[in-house]
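To start, the structure itself, in structure tokens.
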Amino acid sequence: MTELTANTAPSAADPLASTAQSGAANYPGLDAWRDLPISQQPTWSNTEVFKASVKELSVVPPLVFAGEVDVLRERLAAAAQGKAFLLQGGDCAETFEAATADKISARVKTILQMAVVLTYGAAMPVIKMGRMAGQFAKPRSSNDETRDGVTLPAYRGDIVNGYDFTPESRAHDAGRMLQAYHTSASTLNLIRAFTQGGFADLRLVHQWNKGFTENPAHARYESLARDIDRAISFMDSCGADFEALKRVEFFASHEALLLDYERALTRIDSRTGLPYDTSAHFLWIGERTRELDHAHVDFLSRVRNPIGVKLGPTTSGDDALRLIDKLDPNREPGRLTFITRMGAGNIREKLPAVVERVTASGAQVLWVTDPMHGNTVTSPNGYKTRNFDDVIDEVRGFFEVHHALGTVPGGLHVEMTGDDVAECLGGADPIDQDAFLDRYESVCDPRLNHMQSLEMAFLVAGALSKR
């Protein structure tokens, strides 16, 4: 296991050391972001609580380790070359209340089920990554929310404030960063137990999928499920080492939105002397915070983690190249992932020019589709939702663009849950808007439920098999 240290001794060579919080890892430039424009940050209500929280976060054990991060970088490099496929899934916004064993296991179980189907369709390894154990902060379109004439701060995720519409709940409380850390630690502990202790056994996971295909609405996927069953039976009869197939690698990721938290959890790797953000293996920059000369891009350019960037429909080829120069100046395999979120109506028109420009530059990034965020609509009865057909159409468009250009469609990034919620319309066993009244649970964006997630996996497996 790689040692990571806070390395708190001040350095005369670092003129920014004096601006760092007490106890934070000391490395040249890590605090340059503090002097840059920054958006989507809270206004902490109590300075003393903030200082105490950051001080404690600066010395607690890391949530992930540098060696694990390095392994993920190698896996993502393989995906960028078409030798693996990334499946990244989980909640829109995790909540402290929902960090229960049952809900965590249901989410992990669904991701494992999807991965088995995708592995067969792609005929290559699938990298399993959760939007889990840290996805507690959310960007918002407005700083405030008004209900019945009362205006309060918008809900920015459990790491900042509460969802209840009261002044006490909506105050920006820095003490919640500590609760986010401890909740992430317990979530990761459970994930590691599940994925290393037999829960992820390939044969068991495939048996779970049989329940999905037994539903008449999913009968068209039965043939693929039978093929997977025959493949596993063949491996078993050949004496395949199923002990090795009882365990899987599972990586944690979240949007690195709250820089006070990310900076406090940055540690120095004792092997290399380089900084790693130990809040997660993989971190991404959102569409709202990817300005080149702003704080988020600067900070993440300085840590060793693999980095993702969300690219919306306004992204130009020049935007992408500038991001590459800033975040991956050494063109390091596995370092940079572009997560496109352009909408079903834009993907075929907007994506090709960006991919062509990046490819012509010689940079090798990992291309991943996020088919959720560009397809959000409001249902007639007033719920924020997404149409399953639109989500799948954006995935199809993503594959079509890369197929036409001869480039690699390397992954899928999806907001989903393992629970039987009703938040996205449609699917083979369709959800209608009336179901929202009883089964809509998301505090931010609508997620695919368990069955819709598996249906997506079967549909993507078909596209992968033709790749």
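Throughout, numbering of the chain's residues begins at 1 and tracks the sequence. Below, all heavy atoms of this structure are taken into account, side chains as well, without hydrogens, waters or symmetry copies.
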Check salt bridge (Lys or Arg N to Asp or Glu O under 4.0 Å) between D390 and all other residues, then give those that pass, not counting sequence neighbours.
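By the salt bridge (Lys or Arg N to Asp or Glu O under 4.0 Å) rule, D390 matches no residue at all.
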Taking salt bridge (Lys or Arg N to Asp or Glu O under 4.0 Å) as the definition, give me every residue that meets it alongside R335, ordered by chain and number, with sequence neighbours left out.
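By the salt bridge (Lys or Arg N to Asp or Glu O under 4.0 Å) rule, R335 matches no residue at all.
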Please examine the side chains of D298 and K326, heavy atoms only from C-beta on, and report whether any two atoms are closer than 4.5 Å.
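A side-chain contact exists here, since the closest heavy-atom pair is under 4.5 Å.
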In terms of side-chain heavy atoms, does [X] have a donor or acceptor partner in [Y] at a distance below 3.5 Å?
X: E394; Y: N375; result: yes
X: R447; Y: Q452; result: no
X: Y276; Y: D70; result: yes

Hey, does the side chain of D370 reach the backbone of M372 with a donor-acceptor pair shorter than 3.5 angstrom?
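Here the side-chain-to-backbone pair exists.
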Any donor-acceptor pair under 3.5 Å linking the side chain of R263 with the backbone of F299?
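Between the backbone of F299 and the side chain of R263 there is no qualifying donor-acceptor contact (under 3.5 Å).
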Among all residues two or more places apart in sequence or in another chain, which pass the ring-ring contact (aromatic ring centres under 6.0 Å, His included) test with [X]?
X: H254; answer: none
X: H402; answer: W367, F398
X: F85; answer: none
X: H296; answer: none

Shortest non-hydrogen contact between [X] and [Y], atoms and distance:
X: R131; Y: D91; value: NE-O, 2.9 Å
X: P37; Y: D293; value: CD-O, 3.7 Å
X: C92; Y: C444; value: SG-CB, 3.2 Å

Determine, using ring centers only, whether F136 and F96 are less than 6.0 Å apart.
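When the ring centroids of F96 and F136 are compared, they turn out to be within the sub-6.0 Å range.
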Holding to side chain to side chain contact (heavy atoms under 4.5 Å, CB included), I want the full list of residues that pass it with [X], two or more places apart in sequence or in another chain.
X: R331; value: I324, D325, D328, A363
X: D173; value: V49, R176
X: N381; value: S379, Y383, Q433, F436, L437
X: Q364; value: A80, Q81

Is the CD atom of E145 crowded by more than 12 outside heavy atoms at less than 6.0 Å?
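Check passes, neighbour count above 12.
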With sequence neighbours left out, which residue pairs that include part of residues 445-467 fulfil the ring-ring contact (aromatic ring centres under 6.0 Å, His included) condition?
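As it turns out, the ring-ring contact (aromatic ring centres under 6.0 Å, His included) pairs with a partner in residues 445-467, which skip direct neighbours, are F212-F458, Y221-F458.
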Audit row: R396, D393, salt bridge (charged side-chain N to carboxylate O under 4.0 Å, His left out) steps and yes/no
CA-CA 5 Å; R396 287 196 183 102; D393 188 45; 5.0 Å; no
Under 3.5 Å, which donor-acceptor pairs do the side chains of residues 113-125 form with other protein atoms, sequence neighbours left out?
residue, atom, partner, partner atom, Å
Q113, NE2, N209, OD1, 2.8
T119, OG1, A115, O, 2.6

Does NZ or CZ of R147 lie under 6.0 Å from the centre of the six-membered ring of F165, at an angle within 45° of the ring axis?
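Geometry flag: set, cation within 6.0 Å and 45°.
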